[in-house]
Every structure is written in structure tokens, then in C-alpha cells.
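A short write-up of the structure that comes next.
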Amino acid sequence: MKGQWWIALGILLLVHSTYATIRYRQYITLLEEEFIGLPFDIILECITGSVLCCWGCVLYGGGGGKYKPLKITAHLAERTWDSYNHRRSFATFSHRGQTFLNNVIATKM
């Protein structure tokens, strides 16, 4: 529940920084000045909102000891040794073995 509040606060800050950016661009256009960049407070508000959203996702997604450890050994115990070395990218079907086999068969006849 506490992660949802952090996410909501972060989204609220991001929406407000978007609104402040739009208003700042309109202000610059009214004064007919050249746009150099955003003010520091808008940039800081955007970064803070992003960090709060990320922190809320961590808390909401399973923080506080809800994460399960990754155990790859259970998955690997079910596999055979042949399945470890099987890589489809190395399978070659167009090789010279067929030509070699045809030459061997031709010389035996």
C-alpha cells in the first residue's frame, strides 16, 4: 500500500513538471526570447518525480522481503547432459559429409 502512494506522488510531480514546462515555453514565446533550456526547478522536479515513481515501483512490486531468491539449480537438475550442449545456431545441415559419403559409396561399387 505504501508503494502506491510513492507512485501517485511521483506521477503528480511529473504531471506538474510537464504543466510547468508548457507554461514556461508559452512565457518565453510571449517575451520573444530564445529558448535556451528549462529552469533548474523544473528539471529537479522531473528527476524527483521519476525517482519517486521508481522507488514506489520497488516498494509496490515486492519490497520488504517479498522477493524470492533465484534458484537455477532446480531447473538444471532436470536437464540431461545432451541438452546442455545443444545449440541450434551451430547445427550445420549443408556440409561436405554428404559429398564424402557419395565418393566412398562410388569407390566401393
Side-chain angles (χ1 to χ4, degrees):
M1 188 70 177
K2 58 185 171 185
Q4 292 174 346
W5 291 107
W6 289 110
I7 294 171
L9 182 63
I11 289 174
L12 184 69
L13 281 174
L14 288 174
V15 168
H16 185 266
S17 67
T18 304
Y19 178 73
T21 301
I22 292 170
R23 295 294 294 179
Y24 179 73
R25 293 292 301 252
Q26 289 175 349
Y27 177 73
I28 292 296
T29 305
L30 281 174
L31 293 180
E32 296 178 355
E33 292 180 3
E34 183 181 347
F35 179 75
I36 298 171
L38 292 174
F40 181 71
D41 61 337
I42 295 176
I43 294 172
L44 184 66
E45 186 177 6
C46 186
I47 291 171
T48 306
S50 299
V51 168
L52 287 178
C53 281
C54 289
W55 180 249
C57 288
V58 167
L59 291 178
Y60 181 70
K66 292 182 183 177
Y67 289 116
K68 295 180 182 178
L70 296 175
K71 294 183 181 178
I72 195 68
T73 55
H75 175 67
L76 293 178
E78 299 171 0
R79 295 179 67 185
T80 62
W81 178 252
D82 294 331
S83 66
Y84 287 124
N85 202 18
H86 180 66
R87 293 181 293 258
R88 296 189 74 165
S89 60
F90 288 115
T92 306
F93 299 104
S94 169
H95 53 81
R96 56 188 166 168
Q98 184 66 34
T99 307
F100 179 71
L101 181 62
N102 289 338
N103 288 340
V104 170
I105 291 173
T107 55
K108 286 187 179 182
M109 292 184 166

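On a predicted model such as this, the values are computed, not experimentally measured, just so you know.
- Taking every heavy atom of both residues into account, I11 and C53 meet most closely at N-SG, 3.5 Å.
- Legend: side chain to side chain donor-acceptor pair (under 3.5 Å) pairs involving residues 43-57, not counting sequence neighbours, sorted by first then second residue: H16-E45.
- Under the 4.5 Å side-chain heavy-atom criterion for Ile, Leu, Val, Met, Phe, Trp and Tyr, L59 and L9 are members of the same hydrophobic cluster.
- The side-chain heavy atoms of P39 and Y24, taken from C-beta on, include a pair separated by under 4.5 Å.
- Dense packing is recorded around CZ of F35, with more than 12 heavy atoms of other residues, nucleotides or ligands lying under 6.0 Å away.
- Rounding to the nearest 0.5 Å gives a distance of 11.5 Å between SG of C46 and CG of D41.
- Distance check: T29 OG1 to Q26 CD gives 7.5 Å after rounding to the nearest 0.5 Å.
- In the hydrophobic clustering of ILVMFWY residues, with side-chain heavy atoms under 4.5 Å counting as a link, V15 and I7 come out together.
- I47 and L38 fall within a single hydrophobic cluster, where Ile, Leu, Val, Met, Phe, Trp and Tyr are joined by side-chain heavy atoms under 4.5 Å apart, directly or via other members.
- Taking CD of E33 as the reference point, atom CG of L30 lies at 10.5 Å (rounded to 0.5 Å).
- Every side chain to side chain contact (heavy atoms under 4.5 Å, CB included) that Y19 has, sequence neighbours left out, goes to R23.
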